[in-house]
J.: 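Quick one: this structure, given as structure tokens, is what I'll be asking you about.
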There are 2 protein chains.
Amino acid sequence: MPATIDDVAALAGVSTATVSRALRGLPNVAVATREKVQRAADLLDYVADPAASALAAGRTATLGLVVPGMGRWAHARMLEVVQDRAGAAGYDVLPVTLASAAAREFFLTRHPFRRRVDGLVVAEVPLDGAELLRLGEGRPVAAIGLDAPEVDTVVADDARGIAEATTHLLSLGHVDIAFIGGGSSDARLVAPAARRSAFTSTLATAGIEEVVHRVVESQASSTGGAAALSLLLDEVDPPTAVIVASDEMALGAMEVARSRGLDLPGDLSVVGVDDQPVAQFVGLTTVHRDVARMAARACDWVLERLDGSDVPARHEVVATSLVKRGSTAPPRTR
Amino acid sequence: MPATIDDVAALAGVSTATVSRALRGLPNVAVATREKVQRAADLLDYVADPAASALAAGRTATLGLVVPGMGRWAHARMLEVVQDRAGAAGYDVLPVTLASAAAREFFLTRHPFRRRVDGLVVAEVPLDGAELLRLGEGRPVAAIGLDAPEVDTVVADDARGIAEATTHLLSLGHVDIAFIGGGSSDARLVAPAARRSAFTSTLATAGIEEVVHRVVESQASSTGGAAALSLLLDEVDPPTAVIVASDEMALGAMEVARSRGLDLPGDLSVVGVDDQPVAQFVGLTTVHRDVARMAARACDWVLERLDGSDVPARHEVVATSLVKRGSTAPPRTR
DNA sequence: GTGAAAGCGCTAACAA
DNA sequence: TTGTTAGCGCTTTCAC
């Protein structure tokens, strides 16, 4: 059996309260006492039982991270970042995957996070402000990619990035551009709608009357991207350029184009979103999103509130930028 | 304040012991009583405090997952799979990243998992049998990609896959083949050494005297792959084919080759390892590893032991297979 | 089938 | 500065 606080107290010749104070670095402990306790703890290889601490203190020292899954690079990266920041502050992070509406409903009604985490960051899971508050049950919540005045939020400036991408394609001379959305047209996610409207309004304000454009929706996976582009290529007059809602989808789209014998970027320019490491290595032009920064912000905000900060909800927009690579070029004149 | 077991007991008109039994589905509870308790719990939106349960029962209902990081696709996927299996059995999963030797040392000596998880799966973190046992402290441990007779292990048949890949290149007519390893030549990881020796011995037994080959080591990232290939291409007589220890590294290598004006696969054939989804979309020939299966096995084994099973340590080798795609072709005759 | 009661190992007043 | 003493909210014998 592992040593308990009583063992340490006995060995150090002090009370358990003193051991608790000394080991947690609380003030009002004599230096000599603290050292004595520390030695005893080391000797016994003592580690406080997190469950007992949590029960007594009412804090679990863990943060919840709610994501739609680990399949997308961005979400895995967010976990890394949150683990890092939270870990430095002494918190564990408990990730949870909420992919389906059923899973979300279960979480909202059965409260598996109740008394299990001290605060949570929710990333790109379609939940509105009221739902986030319900999820939080009084604990600090920060959301990534969601629009909720009630809690801290950080979102990427997707609109700006897509507008840039659209302008880029127009300036290359494309007049027939398509947009492939990431499926989840759920209004609670800010990115999908922002991207779509940035695309259409940029084309509209470009003032080029003869620009042809179309918007299709598909699943946010490489398969989804492939399927959507297939549809577009089947049309009588396929687009010469396409903006795709994520790098994963863009890769799927590129593969379909190649397998149909298209020359990239000659026959088709492709733009993605995220700028995951792979994008660089396949030469994909993409809208860079600072995923690490978003995750760090959200995590830090939760930590701050856990530390007693009680400011009104903050909302940050993180800049995006278009990274031009080889997957975009002027359209081949037919 | 959330409802406690006492609230439920009072509302249902029974003792807390009965509530505890009823809600956990234990036997020896009258049907009527169970329903009454369930109704009270629902009404009060009651959820048992995990900390209190853990303290009282001595079980945390959470599994630890130790990985070198979330950056590689394979590890993110393993987390997904373990979350899935463990979740179905009522366990949370607490992932922990152990990248540096310092972090491993900290974990081994400070026991942050003590009383925090009931069992753990360790994936591709360089730890030997004794260290795994230390980490486990009596709890069930399953390891992925490690060689430890003391605990359950599951490894991919990397040797087989690399041998197949090598044979494939030889049969295409390559006589100058290089191997780029994943850096961690740590003997506690089985894959690196297995791959290297499979490569060299396959070439040796091929009996082709004039085959030129070299082995270099680099970091297990796209940057690492790029750097290693750069070195090889700088040599007077660069290889016509290269086997790279992961898909990420392979992508980096491909990018370097292209940026030097090489035609792929004409001037250089590339083979990766893992077969992550992206590999398909960039047409990368690669050694498929059934990551999901390995994770599921490891997780299930831990769960079984938690369930009381006490069989001797099991060791499974999961088959690999070469997936041929466009990144490999006969060498261009110079 | 159900209840009473004794902890699980720690933290946090409150005293001293 | 340190010790005493209640709990924190459950689970689990052991009676009944």
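Letters A, B, ... mirror the listed sequences (proteins, then strands); counts begin at 1. Both backbone and side-chain heavy atoms feed into the values below; hydrogens, waters and symmetry mates do not.
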J.: Using distance alone, with no hydrogens and no angle criterion, decide if D118(A) and T60(A) have a side-chain donor and acceptor under 3.5 Å apart.
T.: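 Distance-only check passes for D118(A) and T60(A).
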J.: Say you draw a straight line from CG of L127(A) to CG of L98(A); how long is it, rounded to the nearest 0.5 Å?
T.: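 Result: 7.5 Å between the selected atoms.
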J.: What residues, two or more places apart in sequence or in another chain, satisfy ring pair (Phe, Tyr, Trp, His ring centres under 6.0 Å) together with F107(B)?
T.: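 If we apply the ring pair (Phe, Tyr, Trp, His ring centres under 6.0 Å) test to F107(B), skipping adjacent residues, the hits are F113(B).
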J.: Can we say R114(A) and D49(B) salt-bridge, meaning some charged N sits less than 4.0 Å from an Asp/Glu carboxylate O?
T.: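 No salt bridge links R114(A) with D49(B).
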J.: Between the side chains of D152(A) and H315(A), is a donor N or O closer than 3.5 angstrom to an acceptor N or O?
T.: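 The criterion, which ignores hydrogens and geometry beyond distance, is not satisfied for H315(A) and D152(A).
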J.: Is the backbone of R59(B) close enough, under 3.5 Å, to the side chain of R115(B) for a donor and an acceptor to pair up by distance?
T.: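 Between the backbone of R59(B) and the side chain of R115(B) there is no qualifying donor-acceptor contact (under 3.5 Å).
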J.: Near Q219(A) CD, under 6.0 Å, is it more than 12 heavy atoms from other residues, nucleotides or ligands?
T.: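 For Q219(A), atom CD is not crowded (no more than 12 foreign heavy atoms under 6.0 Å).
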J.: Let me know, please, whether L55(A) or R59(A) comes out on the 5' side of the other along DNA chain C by nearest nucleotide.
T.: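 Its nearest nucleotide being more 5', the pick is L55(A).
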J.: Using a 4.0 Å cut-off to any heavy atom of chain B, which nucleotides of DNA chain D are the first and last in contact, reading 5' to 3'?
T.: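 So the outermost contacting nucleotides come out as dG9(D) to dT13(D).
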J.: Going by side chain to side chain donor-acceptor pair (under 3.5 Å), name the residues that satisfy it together with Q83(B), two or more places apart in sequence or in a different chain.
T.: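 In terms of side chain to side chain donor-acceptor pair (under 3.5 Å), with neighbours along the sequence ignored, Q83(B) is linked to T97(A).
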J.: Using a 4.0 Å cut-off on heavy atoms, which residues in residues 6-28 of chain B reach DNA chain D? List them by number, or say none.
T.: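 Heavy-atom contacts with DNA chain D come from A17(B), S20(B), R21(B), R24(B).
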J.: Between the axis at one end of the helix from dG1(C)-dC16(D) to dA16(C)-dT1(D) and the axis at the other (five pairs apiece), what's the angle to 10 degrees?
T.: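 Taking five pairs per end, the axes differ by 30°.
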J.: Identify whether the distance between the nearest side-chain nitrogen and carboxylate oxygen of R188(A) and D147(A) falls below 4.0 Å.
T.: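 Salt bridge: no.
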J.: Would you say E316(B)'s side chain and V154(B)'s backbone share a donor-acceptor pair under 3.5 angstrom?
T.: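 Such a contact is absent between E316(B) side chain and V154(B) backbone.
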J.: Please round to the nearest 0.5 Å and tell me the distance separating atom NE2 of H75(A) and atom CG of L79(B).
T.: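 Result: 13.5 Å between the selected atoms.
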J.: Between atom CZ of R77(B) and atom CE of M70(A), what is the distance when rounded to the nearest 0.5 Å?
T.: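 One finds 11.5 Å between CZ of R77(B) and CE of M70(A).
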J.: Chain A on DNA chain C: first and last contacting nucleotide, 5' to 3', under 4.0 Å to a heavy atom?
T.: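 In short, chain A contacts DNA chain C from dG9(C) to dA13(C).
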